[in-house]
Amino acid sequence: MERTRTRLGAAVFLMLILGHLGNALEVPLDPKVLEELAQPPTITQQSPKDYIIDPRESIVIHCEAKGKPHPSFSWTRNGTHFDIDQDPKVTMRPRSGTLVVDISGEKAETYEGIYQCTARNKHGAAVSNNIVIRQSRSPLWSKERNEPIRVQEGEALVLHCRPPAGLPPPIIFWMDVNFQRLPQSSRVFQALNGDLYFSNVLKEDSRNDYICYARFPHTQTIQQKQPITLLVLNHGLAEERKPTFLIPSGSSSSKMVLRGQVLELECITEGLPTPEVSWSKLSGEFPDKRTSIVTFQKILRIVNVSDADAGEYRCTAHNRLASVHHTIRVTVKAAPYWLTTPRNLVLAPKEKGQLICRASGTPKPTINWAMNGIPIENSPEDPNRKVEGDTIIFEEVQTGSSAVYQCNASNEYGYLLSNAFVNVLSETPRVLTPANQVYQVIRNNHALLDCSSFGSPIPKITWFKDSQSSTLEGDPYLLHENGTLEIYVAQALNSGKYICVARNTLGIAENHVYLEVKEPTRILKQPKYKVAQRNRNVVFECKVKHDPTLIPIMIWLKDNGELPDDERFLVDSDSLTITDVTENDAGTYTCIMNTTLDHDSASAELTVVEAAPTPATIYEQPDPPTDLELTDMKPRSVQLTWIPGDEHNSPIHKFVIQYTDSLHDHGHWHNLTHVPGSKTTAHLELSPYVHYSFRVLALNAVGLSDPSNPSHMYKTNPAAPDENPSGVKGFGTEHDNLMILWKPMSGLQANGPGLQYKVMWRKKDVDKNWTSVTVANVSKFMVSGTPTFTPYEVKVQAINNNGIGPDPVVVTGHSGEDLPVQAPDNVQVLVLNSTLAEVHWEPVPPKTVRGHLKGYKVYYWRERSLHKHNPHRVEKQLLTFSGNKSHGMLPGLQPYSLYLFNVMVYNGKGEGPASSNLQFETPEGVPGRPSFLRITNSNLNNLTLEWGPPNDLNGHLTGYILKYQQVNNSNELGPMEELALPANKTSITLPNLKYSTRYKFYFNAKTGQGAGPVITEEAVTIMDEVLMYQPSVDEAGGGNTRTQTSPPIAGSPPRHPFHKVHPAAPAFRNVSSSVGENGMLINWEYWGAEKHVYVEYIVKNDNTLGEEEWQKEYVNGSQAYVLKGLKEGLSYRVRMVAKGHDDQAVLHQSEELLVTVPAMPSRQVDIATQGWFIGLMCAIALLILVLLIICFIKRNKGGKYPVKEKEDAHTDPEFQPMKEDDCTFGEYSDTEDHKPLKGSRTPSNGTVHRDSSDDSLVDYGGGDGQFNEDGSFIGQYSGKSSIRETAEGPSPVNTTAMNSFV
């Protein structure tokens, strides 16, 4: 079989890589294959054919090649072997044929010549082009002396440059002595040969620095000619003359150009006035984009010349005297160029092939073949090879006949040389596509699965899917020549594993790839057209549906650009909000939802208007469309046209087309499609067997219009169903049946009368043939007599009177389940700590489950406590472990207890038999809270505490811990005292306490594992009564309630070793309250997982019908909260609440706590810093000063003053009179033991009563001789004599402070 390189590139290789010559085939093999595969040499890099070298640098002649094995290199120079070992100046790079010639100290021309490289290995030899090495030259200008040129004004003139010949030729330009370019124009210009032409000279052309420069580009050197002096003479007015041609001369000339080069035609004229030049082509038009006219219309330039550019070109020169023409006949020759380049062949033994070498040129080139660098006529004869001009034909090639063939196409203008190898290989197939590659496509798009392979002979590719034995051929599959499998329209059922098999006569290879068909990204709710007033807010919605396995990225654009960098633009997951809209915000907004595979977008326009003027423009919904007409009626489509109604100042956004089916659903209208508001026609796709009537509604920014009048009825003919019922599934209702369900098709989906369903089923992987039954238009079918829980393949196909529906999708289901028949074996338990155990079991065999394995259930219960006196209680608990688990944790166990448990498996039918009951014991834990703590027998300086042991001992009690501390009136806490008490004690009396002092007690029990939770109480030591706070928490297991308050610094609740959720305990524990100076302090412990925790409270009201709503405070993350603003003297109901994430459903709630806010006097403030008090004290000081002055006057007169007389009337022995000598008041002190003043008593409630002396300073200063800060000292003179103060202590203002004003 004949195989071309194109077919090899598709079936054998991954890609085509061009080498330096443009004809080498790169075999894209992985390294392992490359190490094993033989390959003849291929030239990959070589120097250009015409290689001009710089004599100042080393000569580098490139020659790189590849092959297997790596080729060796040799060179010829001027047609003979070039022995580089004989020349110490020449070296060859390692593993390369590149020559490096060190010409330092040598003349470069020594190495000029024609070089050719040969790369050779045991499979053939490739040769390079003939590389001509020439030295670049930049000779100096010959010395000359230029005499001044004198010319009459108006005459023509040529200044010759005549640069020295260089290699490559120099670039010519004219400048002055200051290296400034001489100005040129249509009168003065430079010709192609570098000469400077004057069509006519003017007086201003006179100068002495016309200098011609020659730049040699290879050596970057510039040579200059001796300056030329031009003198323009003026001997009278110059005569005008008609144009004449200087270059070219005469009326016609000819020019030859090579194909692909640049054609430059030159017309240089002289005359007075200056002639104007124009160009034309007599035999056609100038080629577009390749033609330019430069140098002031003097030169016509055509680049990349082709054969079509041959012909006659006319140059026309004219001034006001005459017009002259010159015709240039252009001929195009061509050096050889490729039509078909010979391409590498990889053939298996006994295969056929051919090398084709076709070239063109003018004249036509000659084709010569060589093999491994030797002319083919001089090569060994091969009966399987035949040369026919530009083609070599191979018949039944043999192993060992690999070679490299050279094709040489040449004519008098040049040559082309190309290497192409013939590689005879015997290779087993290899699949080059990476294994287990995953391809992802969007549903309804093309899917291309690659299977690149290599082998000789060329492997044949076949594809299989999953475990199917049939090859994938025909619709919907297309197998390309390179092995790629294409699926025209990929669907979800096309997902799965695909097997690519490459096979030839020597072996077979396969590869697995996977196809994942993803759901397309679709915008379900598009942004709508908006009209917004300035400074209002606008919201564009963009709700998207996408494949859940793809990560979506939402992008918003404004007028196809990025959104403005403005905080007014708020982007949410499915919306864009623009606040405070301005006129600049108007435009088109586009939402784009991108995934890694696809995207979808939708746009809406925003129109910003000013606030409605007075009278305001009325925006209304549009009028309904009119004149509905049906045209272009076809079996499955129709064209609907209409006339829009009045827009009412708001542009119509879109038209909604609705239909009703009078055959199946008469009177009910359904949306069919919608079109933009700019359209008045719609192409409607229809379903068979429907009696359609259509109507149209218009939508603008205000709303929808009323519906139009219905169109004429259009009836479509019945047809076979286009689809099958959806929702097909199979399951069992009993252990011996299979129920097949589906969603019935509507009359619109039926496509015709006589709708029935063909129900088919078979055992999966067992039966090859389908069992089927045709049923009426129902939605289920029961298959009886099936084995228990057996997989079945089911499918349902729609049928009507016109034919059958498409091939239905196969769905896998199971017959009915039965109860499991085996209990788990090898059940074991591991007790981790006092509240947690781990249960292990061996999963049951899958066959014994007889259904869908749902999981395992562990029933466990506390048989009894390890304390013998504890009662026997059996409360079964259940933990469910979903899935095929083999162990589980039992949290929330009671310490120091005996537990029983068993394990069973369950399926969709129910539970299987339970394992044998096993038991385990939990070790000791910390005890529970003591059952009660009460204070009795309170005296002035001691208290008695009584308690009961914990209801939950959780082990052997080792004792109790009692801690207590003082609490002052500002709720500040004193130092903590701690006592350790034995386990058999139930009361204790605490002596030597301070009288009239409040104490807080913390009491807990302990076992060998540590101390348990604390119970608290508070009491005040007084002489005749005990103040105790009312109960607030109902202790479990007891009929009495006790007040429990948290320690001053609330600690974290006790942490369970593994689980925070206790199945048998409430989420809120130890809810308590206490009165603080800032409000009511609520304490609690929370064991739940929810994060939204609140404390709720409400005033206690006996009339529940008039009850107000609960007030709530958010307290998440804390264990205590102070309720502020409660009214004194009222009782409140308080509870703790935990809510879910939606902040609606109550998940946990504590028992209600009743708290009472005591009616306490408001806290006194330090009035010494108050402005009114300072003013009052100043007034008192002034008054005292006045009294002292009066006292001084009275004393001098010898009389008494009223105050003195009043004081003399008192007989209280504790009273000290005012001193006569300094006119000041006496001080009062208790120098013994600070006992109360005589005649006064301190009652148990701490209230200081006045005694019998109404006007004593003690009444004004308090029981300890201090003044009150309420001005009672002054009150003595106004008749006030009764002052009360609380037990909190006297006023901070004392007598000393008062005396400071005197």
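Count residues from 1 along the sequence.
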Phe1001 six-ring face occupied by Lys963 cation (under 6.0 Å, within 45°): no

Min side-chain heavy-atom separation Leu1126-Tyr1132 under 4.5 Å: yes

Check: Gln894 and Asp952 side chains under 4.5 Å, non-hydrogen atoms: yes

Aromatic ring pairing Tyr960/Phe1003, orientation class (parallel under 30°, perpendicular over 60°, tilted between): parallel

Closest non-hydrogen atom pair between Pro895 and Glu924, with its separation: CB-C, 4.2 Å

Any residue meeting side chain to side chain donor-acceptor pair (under 3.5 Å) with Asn968, in chain and number order, not counting sequence neighbours: Ser970, Glu972

Audit row: Thr1007, Leu953, side chain to side chain contact (heavy atoms under 4.5 Å, CB included) steps and yes/no: CA-CA 8 Å; Thr1007 65; Leu953 296 178; over 6 Å; no

Derivation of the side chain to side chain contact (heavy atoms under 4.5 Å, CB included) call for Glu863 and Gln919: CA-CA 9 Å; Glu863 184 68 15; Gln919 68 179 27; over 6 Å; no

Main-chain N/O of Ser897 paired to Thr922 side chain as donor or acceptor, under 3.5 Å: yes

Shortest non-hydrogen contact from Met1080 toward Thr1156: CE-O, 3.7 Å

Residues Arg1135, Glu1096: salt bridge by 4.0 Å N-O rule: yes

For His956, all residues meeting ring-ring contact (aromatic ring centres under 6.0 Å, His included), sequence neighbours excluded: His867, Tyr896

More than 12 heavy atoms from other groups under 6.0 Å of NE2 on His840: yes

